[in-house]
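Single-structure report; data block below.
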Amino acid sequence: MKSYDVIIVGGGAAGFFAAINIAELNPNLSIAILERGKTGLQKVKISGGGRCNVTHAEFVPSELVGNYPRGEKELLGPFHQFMTGDTIEWFDKRGVTLKIEDDGRMFPVTNSSQTIIDCFLNEVKKHKVDVLYNHALKSLKQSNEQWLLETTQGDFSANKIMVATGSNPKIWKVLEQLGHTIAQPVPSLFTFDIKDERIKGIPGVVALDVEVKVKGSNLWSEGPLLITHVGMSAPAILKLSAFGAIELAKRDYKFQIEVNFIKQSLDDCLDHLKTLKQDLARKTVLKLAQFELPKRLWQKLVLASNITHDTRWADLNKFQTEQLALQLTKAVFTVDGKSTFKEEFVTAGGIHLKEVNFKSFESKLYENLYFAGEILNVDAVTGGFNFQNAWTGAYIAAKAISK
Ligand SMILES: Cc1cc2nc3c(=O)[nH]c(=O)nc-3n(C[C@H](O)[C@H](O)[C@H](O)COP(=O)(O)OP(=O)(O)OC[C@H]3O[C@@H](n4cnc5c(N)ncnc54)[C@H](O)[C@@H]3O)c2cc1C
């Protein structure tokens, strides 16, 4: 049996980040990463469309936590210890410069996730961390203050272990057998499948700032909305999919949404339309998009309001005006299923947060057992927040483990 001071199970974002920090904080410890794959960091590789959205330019802990449907309360303390600014500095010190995009997402200036992977691989080599690929953890037990790990390539022992296996149901089972509780996994960060004449044939059209509500619930969000070949996407939808992950799963992803494309009340919109009737009386309604909406979307909404191609503003009757106001402010769409958002997806669910000490990311059930990353019942909206959770948990656990 091979022994180490510290074994990290899972060579993903959290696992590598933890191993490097432990090695740096305490160079005397022998450390190994056990990774089931023939390479590690596979999600880092494909993340952010291959660019790796490392974190998000939000520097206030109380604001940052608002992006975590699960973990909001628990991450506040940890973010006071290690958050965005620390992430930027950490990478900068190791030669990786991050840049901020207009929407706040942060990427390596190289626009390549390989930069992050190369950084991690250099660091583990420098600090002599053993990275053992093709080693899948099968079982785990504690005996005489030692952790015993059975893997597909033999047994290991360690004083302290960190389990950072992401959303792996098999490892959740192993931890359940140890007495931990697992919040049932459901997908988060997905797009909505919608078949509707109003969005048919206009993929790529973006309404810059809309409000979306899920009918029959308190779920709502706002932000950009993208029309796709199969439905709707972009932050306004992805935020709903994250905050509504559990509720929408219960509804089997069949529900209705109400979209306010112009973020005005129905009455304000009607007033605005009355003014337009006077100002643009001789112009056709269809031709000139209003409310800063993209032309193709405007035309779809106009046609859905019983207004014909050649109707002029002056000729709009009361019914048509009301229909148009409704389409602009309370357009109801039927969602029938979900699709994967290619740039980022996560699983809601994982180790119950009440069983983890968030000062150290140590299990409250067992000493010297630590967790970080997606294995916990923490997940975030899209934008770099999921990795920030991995970096924060891994760093704080590393501090505790290295003592
Ligand atoms: C397509 C995609 C794009 C994404 N893009 C972004 C993004 O741009 N920004 C962002 O913030 N988040 C992004 N995410 C989410 C982000 O990748 C995860 O939140 C993050 O990787 C979680 O890190 P982790 O270390 O907890 O888990 P992982 O990165 O999943 O790593 C877990 C590791 O454990 C290994 N493992 C599992 N079981 C065992 C076992 N039994 N024995 C040994 N090893 C095991 C796995 O092989 C894996 O290498 C994306 C996710 C996806 C799927």
Side-chain angles (χ1 to χ4, degrees), residues 7-20 32-58 64 67-68 70-71 84 87 98 101 103-108 111-113 116-117 120 131-140 149-153 156 161-175 185 187-190 238 242 340-351 361 370-395 397:
I7 288 181
I8 315 272
V9 188
F16 268 86
F17 203 72
I20 295 163
I33 297 176
L34 304 181
E35 164 57 44
R36 74 172 163 183
K38 59 177 189 288
T39 55
L41 299 165
Q42 281 309 293
K43 274 205 201 165
V44 171
K45 179 80 184 159
I46 57 169
S47 67
R51 295 199 299 143
C52 188
N53 180 191
V54 177
T55 184
H56 198 96
E58 171 56 72
L64 186 61
N67 296 289
Y68 294 82
R70 284 147 293 274
T84 320
T87 305
L98 303 180
E101 302 214 324
D103 57 5
R105 292 183 303 160
M106 299 196 67
F107 295 88
N111 277 324
S112 168
S113 58
I116 304 297
I117 296 176
F120 286 170
V131 186
L132 307 175
Y133 296 110
N134 299 308
H135 282 65
L137 179 74
K138 284 172 36 184
S139 74
L140 194 60
L149 301 92
E150 184 199 354
T151 81
T152 44
Q153 298 210 43
F156 289 79
I161 62 168
M162 179 171 139
V163 187
T165 42
S167 305
N168 179 348
K170 276 194 193 151
I171 298 300
W172 279 326
K173 271 256 151 61
V174 168
L175 292 165
S188 183
L189 290 181
F190 47 84
L238 295 163
T340 307
F341 173 55
K342 300 242 169 28
E343 293 222 335
E344 177 172 355
F345 49 89
V346 285
T347 305
I351 297 172
F361 284 73
Y370 296 81
F371 305 113
E374 228 182 282
I375 190 168
L376 294 166
N377 185 20
V378 172
D379 63 274
V381 299
T382 178
F385 304 102
N386 283 301
F387 277 139
Q388 188 55 57
N389 166 51
W391 314 139
T392 295
Y395 183 82

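For the numbers below, each heavy atom of this structure counts, side chains included, while hydrogens, waters and symmetry mates do not. Whatever order the structure lists ligands and atoms in, that order sets their numbers, starting from 1.
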Atom 51 (C) of ligand 1: the protein heavy-atom neighbour that sits closest, reported with distance to 0.1 Å: Phe345 O, 3.1 Å
Protein residue, atom and distance nearest to atom 39 (C) of ligand 1, heavy-atom basis: Thr165 CG2, 3.5 Å
Ligand-residue contact atoms, ligand 1 with Gly166, heavy atoms, under 4.0 Å: 26 (O), 27 (O), 32 (C)
Sidechain-backbone polar pair: Glu374 side chain, Val346 backbone, donor-acceptor under 3.5 Å: no
Least distance between heavy atoms, Arg51 atom then Asn111 atom: NH1-OD1, 2.8 Å
Side chain, backbone, both or neither: Asn53 near ligand 1, heavy atoms under 4.0 Å: both
Residue portion contacting ligand 1 (non-hydrogen atoms closer than 4.0 Å) for Ala14: both
Contacting atoms of ligand 1, where contact means under 4.0 angstrom from a heavy atom of Gly384: 9 (N), 10 (C), 11 (O)
4.0 Å heavy-atom contact, Gly11 with ligand 1: yes
Residue and atom name of the nearest protein heavy atom (relative to atom 49 (O) of ligand 1), distance in Å to one decimal: Glu35 OE1, 2.7 Å
Minimum-distance protein heavy atom relative to atom 29 (O) of ligand 1: Ala13 N, 3.6 Å
Leu34: numbered ligand 1 atoms lying under 4.0 Å from its heavy atoms: 43 (C), 44 (N)
Evaluation steps, side-chain contact (heavy atoms from CB on, under 4.5 Å), between Trp172 and Thr165: CA-CA 9 Å; Trp172 279 326; Thr165 42; over 6 Å; no
Short N or O distance, Gly48 and ligand 1, threshold 3.5 Å exclusive: yes
His56 touching ligand 1 at heavy-atom level, < 4.0 angstrom: no
Proximity to ligand 1 by part of Lys170, non-hydrogen separation under 4.0 Å: neither
Side-chain donor or acceptor of Asn386 paired with backbone N/O of Asp379 under 3.5 Å: no
Under 4.0 Å to a heavy atom of Ile171 - the qualifying atoms of ligand 1, by number: 41 (N)
Donor-acceptor contact below 3.5 Å, side chain Gln153 vs main chain Asn134: yes
Proximal ligand 1 atoms for Gly373, defined as those under 4.0 Å from one of its heavy atoms: 26 (O)
Phe107 backbone acceptor or donor facing Asn53 side chain under 3.5 Å: no
Options Thr39, Leu137, Thr55, Asn134, ranked by nearest heavy atom to atom 40 (C) of ligand 1, top entry: Leu137
Atoms in ligand 1 flagged as close to Ala164, the criterion being non-hydrogen separation under 4.0 Å: 32 (C), 33 (C), 34 (O)
Atom 44 (N) of ligand 1: the protein heavy-atom neighbour that sits closest, reported with distance to 0.1 Å: Arg36 N, 3.1 Å
Any side-chain donor near an acceptor of the partner, Asn67 and Glu58, under 3.5 Å: no
Proximity flag Glu343 to ligand 1, non-hydrogen atoms under 4.0 Å: yes
Protein heavy-atom partner closest to atom 28 (P) of ligand 1 - residue, atom, separation in Å: Gly12 CA, 4.2 Å
Heavy-atom check, side chain of Leu175 versus side chain of Ile375, under 4.5 Å: yes
Element-labelled atoms of ligand 1 that are located less than 4.0 Å from some non-hydrogen atom of Asn168: 37 (C), 38 (N), 39 (C), 41 (N)
Minimum heavy-atom distance between Val378 and Tyr68, given as atom pair plus value: CG1-CD2, 3.9 Å
Donor-acceptor pair, side chain of Thr152 and main chain of Ala136, under 3.5 angstrom: yes
Atom 22 (C) of ligand 1: nearest protein contact (heavy atom, Å): Glu374 OE1, 3.7 Å
Aromatic ring pairing Phe17/Tyr395, orientation class (parallel under 30°, perpendicular over 60°, tilted between): tilted
Protein residue, atom and distance nearest to atom 16 (C) of ligand 1, heavy-atom basis: Phe387 CE2, 3.7 Å
Candidate pair Arg105 and Glu344, rule salt bridge (Lys or Arg N to Asp or Glu O under 4.0 Å), full reasoning: CA-CA 13 Å; Arg105 292 183 303 160; Glu344 177 172 355; over 6 Å; no
Heavy-atom gap Lys342 to ligand 1 smaller than 4.0 Å: yes
For His135, atoms of ligand 1 separated by under 4.0 Å from a heavy atom: 42 (N), 43 (C)
Side chain Arg36, main chain Gly11, donor-acceptor under 3.5 Å: no
Donor-acceptor under 3.5 Å (Thr340 side chain, Lys342 main chain): no
Mutual orientation of the aromatic rings belonging to His135 and Phe156 [parallel < 30°, tilted 30-60°, perpendicular > 60°]: perpendicular
Val346 N/O under 3.5 Å from ligand 1 N/O: no
